[in-house]
Amino acid sequence: MHSKQAFPDSSPLKMEPNEMTLRQTAELLASEINIKSLLCLYSTSDLNKITSMLLKRKLELQLFFKSDFSSELIDVLRSLVPIYNLPNELANQKSEILSTTHCEEFLESIRLYLLGVKKLPRNRSKLLEELHFIILYLDVNVNEIPPSSIHYNRFWSVLKVFHETLLDRGFQSDNLVLWISELMQLIEKKSLYINRKDLCWRECSAYPHPVDIFESKDLIPNKTLGAYKDFVEYLNIHFKLYKEDFESNLREGLLHYKAKLRGASFKENLELHVYNRVRVESIEVDKSAKNGFFHKVTIVVGNKEEPNDINKFFMNGSLLLFSEYSQFSTFILAILVDVLELPEEQRKWSKALKVSVIGDPSWLKVGHCYTMIEPKTFFEPYHQVLKVLQVMDSQSFPMMKYIVHADVSPCMPGYINVNTEYSIDGKTIKLFGKDKWPRDLLNLNFQQIEALQTSLTHEFVLIQGPPGTGKTYLAQNIINILIQNKHFSTPILLISSKNDSVDRILEPLAMSGRKVVRLGGQSKSAILKKCTVSNLIKRVGGREMIESINNLKDTIKKKIDTNEKINEELNSFNREQKLFLEFREREDAHQLLSAGVEVIGGTTAGCARLRCMLDNMQPEVTIVEDANEVLEPHVVASLSKGCKHVILLGDHKQLQPNVASKDGSEKYNLDVSLFERMGRCGMKCSVLREQRRMRPEIASLLSPVIYPNMLNHPRVNDLPNVKGMKKNVFFINHDISEEKAAKSNPAIKNIEIHMIDSYSGQENRIILLSLVRSQSSAIGFLSSNNRIAVALSRAECGLYIIGNMKTLMNGSQLWSSINEVLQQQNGIGKSIELKCQNHQTITSVNKAEDFKNGGCNVPCKSKLECGHLCKLTCHPLADGHKNYKCKNICSRLCPRKIHRCKKKCSEQCGPCRELSERQLPCGHHLRIPCFENDFDYVCVYPTEVMCLCFGQLTVPCSEADSCFYTRVEV
């Protein structure tokens, strides 16, 4: 197994010059650029300023690298190492400085040095150290230089000599040879795709590729205003932007990883999980015809004596990268199929995976060990959407008028005409009649009826639904109306980026008897889990295709085992498998249509995965819920070629689509949804204004800036006050630093905890909002108006915010407006006031210990069911006093109403055991326990009897009437 590091010592390199101050280094660079001044890069902590100094003298730097270095070459290469390890945010500066070294003279110096190494005897360890600096230089530049035939030829020439030198000096089995071989393969591939930046989206791979993964991209941003030239330009831009959104983080993570191998001291890699001891155990044929081959790989972390936690984030569909030599200049791609079960004692220190190689399965060698990388960004949605975009053409691209050409002039849906009438809520309405629509439809308000009218009469519709305005309720009514007045023959398609958004609309429809299909298996609804494709169809046919696929798999497996080439068979297998999958999705579509399915719902990634099935069903109406959160490529990939009507429901003032990379939002506008883009282009948007969720005090936090026209429905004026609190809305203003607050967090029980982004679309009676930013220079996501809108609009009755208002106002003008509203409501302060429901006492609290007994110290004295008064200090109990144990002496009488119970009130009285004088049926008077029945009690009073055998005897009364005795009268 290859080690993670290329050389025995890859720790940060130690340099000869003593540590110098930045001022001294600057003075040295200002006088001249030479070996000594470049070596000073190692002895300063502020590489950013040194980099800036070098770039200001780029011309001199170019002349310097054209010099004749002779014996000083290694020192020059040594001086460049800090440049290789510059952070990713300085990638452009790094490229600029390295470009000055690509001149023919400098690369010739390296080549001549290597030729000299071939001829002259050298100390092996000293030689390895020098070669180390050469290969570091070659690795960084070969991976990251932009396409250039001239540069490729120069580097190829050096790599070829390097490879020959290593073989001549006896390094055949060394990792260094593998590293050089990888770089040579990479140069060859890069040369084949020299014009890769000009490739159209159809010619690009949907997967990351070693050829360009390390190269920085300069792509055309999403056009947020105006039209695209044609669908070719549109798809070219969106395909490449969406692919780059995934690859950007992967690139950053790989560069981070490689820099750490070079000895850079970075924090934890935020983009990748790296596993160094990964062994391929076997390659097997998957029994399912929809799959091909899988490898079983095992990962070892720690050992039995010292177990380590193995990453728990393996997700089926994740992308995996394998490198037999850990530099990842070239790599093998695979998809995680499943996590296999291991014996319990092995689970803490090892993991077994089932993976499927992308391409030739023989590339991943059985018995070999690899370094494996798992990107933290989940690949499956990217893969499915990119596959669909790649095969789209002008014939399969619906709604091009709006999406591509930004023509926002309204047209009616293609399945109706100007004379079409609909029956709505028992009324016949002519869709395009001159009369105004009734204002009492389906319990909808004025704005909802306007939005309903637009959604039924326009083929491309935007409906903005601010929080609590009934957007979901409106969507359900639109679907029901379209089904009741069906002028089209295919099911309605409902999509969103989140499973719970789909379920919120789909579940009530299923409960009302609508025939619905839920795509995918991620629904949490027990009702919708019964409505999946697999539960509604019965797959038949295709046996001959399955048999042919299985035969091909068996042939390929045998050839892999005997190291034979499988190119022809693999191509046949891929072709046959594609035909089989298309056949099966056609059959599924036919069965669902025959069953009369009315609504299909799923996530956009799920719809992209089943695009062939949807194309065969051709839904004419597509409704996008929470459209403001859906990436535009996801929407386009979900629209079938038969789509004639699109309704986007969302709110661009709430969350935007989630992009993985920083550049995706800041540089390329990928986080601008189709919903928002169409609005920017001037499309009419129906806005819902009347909210029914938040009490007015909460809504007023949003209305000044975010929703100035928001109205309150009368019902929100009658929402109950929050028990135990004087104010229903309050901001607890503190000045504790983030670090100190993090250390003092107590455990919280019986409370749901969510991140803001994950709670979008949900609501609760009471929300506690914790804003962690305090005494920091920036407030991060809290400066986003979209996230603020979501955070402040989830509560119905009570909203309590904890944060540092001064810090927040410094980071966002919106927080200043919110602060003004809170001040007007007397809803902000360092302490919050609690109000006792029982005694009306007010208690001010500002730290955890102040909350003891809910803040009220008055005796409770509530009357209990037993009649006694509660003796506790005032206390909040959700169940009243049902579980309270009264400690007073019981005052209840026994059933005979003679004795009082002597136990505690909360205890069961049980049978009364007090003795009482009683006359029994036999006539005797005895003191017996109170609970005993007179007729059941066994009398033990001594009684004289005559026995035939023994004469006169004394026996218990209960035995005196035996046939052996005769009572003696006294």
Side-chain angles (χ1 to χ4, degrees), residues 51 80 83-102 107 135-156 158-159 179 182-201 203-221 236-237 239-259 261-262 269 271-272 319 321 323 327-333 373 375 377 379 382 386 660-664 666-668 670:
T51 303
L80 292 174
I83 302 300
Y84 310 154
N85 295 339
L86 285 173
N88 291 328
E89 54 266 26
L90 295 175
N92 291 335
Q93 293 91 320
K94 170 184 170 181
S95 297
E96 272 199 79
I97 293 174
L98 290 181
S99 68
T100 63
T101 72
H102 297 164
L107 290 171
I135 198 166
L136 287 180
Y137 170 78
L138 293 172
D139 180 76
V140 170
N141 284 280
V142 169
N143 277 295
E144 300 179 38
I145 55 174
S148 166
S149 298
I150 295 174
H151 291 145
Y152 290 162
N153 289 333
R154 289 175 184 171
F155 279 102
W156 170 260
V158 175
L159 286 167
W179 194 350
E182 280 192 0
L183 292 175
M184 293 176 75
Q185 293 173 33
L186 185 57
I187 283 280
E188 289 175 352
K189 290 177 182 176
K190 283 176 176 282
S191 298
L192 286 174
Y193 296 97
I194 192 69
N195 297 319
R196 54 186 170 276
K197 290 194 174 182
D198 299 325
L199 294 176
C200 77
W201 86 99
E203 301 167 305
C204 296
S205 171
Y207 297 101
H209 199 285
V211 164
D212 63 350
I213 188 61
F214 292 103
E215 296 174 8
S216 60
K217 306 292 191 300
D218 187 18
L219 304 175
I220 301 172
N236 210 33
I237 289 174
F239 179 93
K240 291 180 179 180
L241 286 181
Y242 191 50
K243 185 184 179 193
E244 173 63 10
D245 189 50
F246 177 81
E247 290 189 354
S248 175
N249 285 348
L250 175 58
R251 179 183 309 114
E252 185 172 339
L254 284 170
L255 290 172
H256 182 288
Y257 166 75
K258 288 172 75 71
L261 289 184
R262 292 191 292 263
N269 195 327
E271 309 301 337
L272 308 173
L319 186 70
L321 287 73
S323 174
Q327 291 295 327
F328 286 89
S329 295
T330 62
F331 46 78
I332 300 163
L333 293 176
I373 278 177
T377 303
F379 181 64
Y382 290 89
L386 289 172
S661 65
K662 188 177 180 181
D663 280 351
E666 295 183 358
K667 187 176 178 181
Y668 296 126
L670 193 59

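Closest heavy-atom contact between Ser148 and Ile194: N-CD1, 3.6 Å. The minimum heavy-atom distance between Tyr152 and Pro147, with the atom names listed, is OH-CA, 3.3 Å. Taking each heavy atom of Pro210 and Leu186 in turn, the nearest pair found is O-CD1, 3.4 Å. Nearest heavy atom pair, residue Ser329 against residue Trp179, reads OG-NE1, 4.3 Å. Shown here for Tyr668 and Asp218, the closest heavy-atom pair between the two residues is OH-CA, 4.1 Å. Nearest heavy atoms, Ile220 versus Ile237: O-CG2, 3.5 Å.
The CG atom of Asn195 sits 8.0 Å away from atom OG of Ser149, with the distance rounded to the nearest 0.5 Å. With rounding to the nearest 0.5 angstrom, the CG atom of Leu670 is 6.0 Å from the CG atom of Leu241. Taking CG of Leu254 as the start and CZ of Phe214 as the end, the distance is 4.5 Å to the nearest 0.5 Å. One finds the CG atom of Asn92 at 11.5 Å from the CG atom of Leu86 (value rounded to the nearest 0.5 Å). One finds the OG1 atom of Thr377 at 10.0 Å from the CD atom of Glu252 (value rounded to the nearest 0.5 Å). Here the CG-OH distance, from Asp198 to Tyr193, works out to 15.0 Å after rounding to the nearest 0.5 Å.
A 4.5 Å side-chain heavy-atom check between Asn249 and Pro375 finds every atom pair outside the cut-off. Proximity of Phe155 to His102: side-chain heavy atoms (C-beta onward) are separated by under 4.5 Å at one or more points. Side-chain contact between Ile373 and Leu319 is absent, with no heavy-atom pair separated by less than 4.5 Å. Side-chain contact between Asp139 and Leu183: present, with at least one pair of heavy atoms (C-beta onward) separated by less than 4.5 Å. Side-chain contact between Trp201 and Leu386 is absent, with no heavy-atom pair separated by less than 4.5 Å. Within the 4.5 Å cutoff, no side-chain heavy atoms of Leu321 are placed close to those of Ile332. In this structure the side chain of Ile213 never reaches within 4.5 angstrom of the side chain of Phe328, judged on heavy atoms.
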Might you work through the side-chain contact (heavy atoms from CB on, under 4.5 Å) test for Tyr257 and Glu271, ending with a clear yes or no?
CA-CA 10 Å; Tyr257 166 75; Glu271 309 301 337; over 6 Å; no
Side chain to side chain donor-acceptor pair (under 3.5 Å) evaluation trace for Ser661 with Asp245
CA-CA 5 Å; Ser661 65; Asp245 189 50; 2.9 Å; yes
Take Tyr137 and Thr101, measure what side chain to side chain donor-acceptor pair (under 3.5 Å) needs, and give me the verdict at the end.
CA-CA 10 Å; Tyr137 170 78; Thr101 72; 2.8 Å; yes
Report the C-alpha separation of Glu244 and Arg251 in whole Å, then their side-chain angles, then the decisive distance to 0.1 Å, and conclude whether the salt bridge (Lys or Arg N to Asp or Glu O under 4.0 Å) test is met.
CA-CA 10 Å; Glu244 173 63 10; Arg251 179 183 309 114; 2.9 Å; yes
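Residue Leu192 places its CG atom among more than 12 non-hydrogen atoms of other residues, nucleotides or ligands, all under 6.0 Å distant. More than 12 heavy atoms of other shown residues, nucleotides or ligands fall within 6.0 angstrom of atom CG in Leu199.
Distance alone, capped at 3.5 Å, is enough to place a donor-acceptor pair between the Lys243 side chain and the Ser205 backbone. Remark: side-chain polar atoms of Glu203 are paired, donor with acceptor, to backbone N or O of Cys200 under 3.5 angstrom. Of the possible donor and acceptor atoms, one in the side chain of Lys258 sits under 3.5 Å from a partner among the backbone N and O of Gln327.
Tested against Asn85 for a side chain to side chain donor-acceptor pair (under 3.5 Å), the candidates Arg262, His256, Lys94 yield a single pass: Arg262.
Residue pairs meeting the side chain to side chain donor-acceptor pair (under 3.5 Å) criterion with at least one member in residues 207-217, sequence neighbours excluded, are Lys190-Glu215, Arg196-Glu215, Tyr207-His383.
Between Tyr382 and Phe246, the angle of the ring planes lies from 30° to 60°, which puts this pair in the tilted group.
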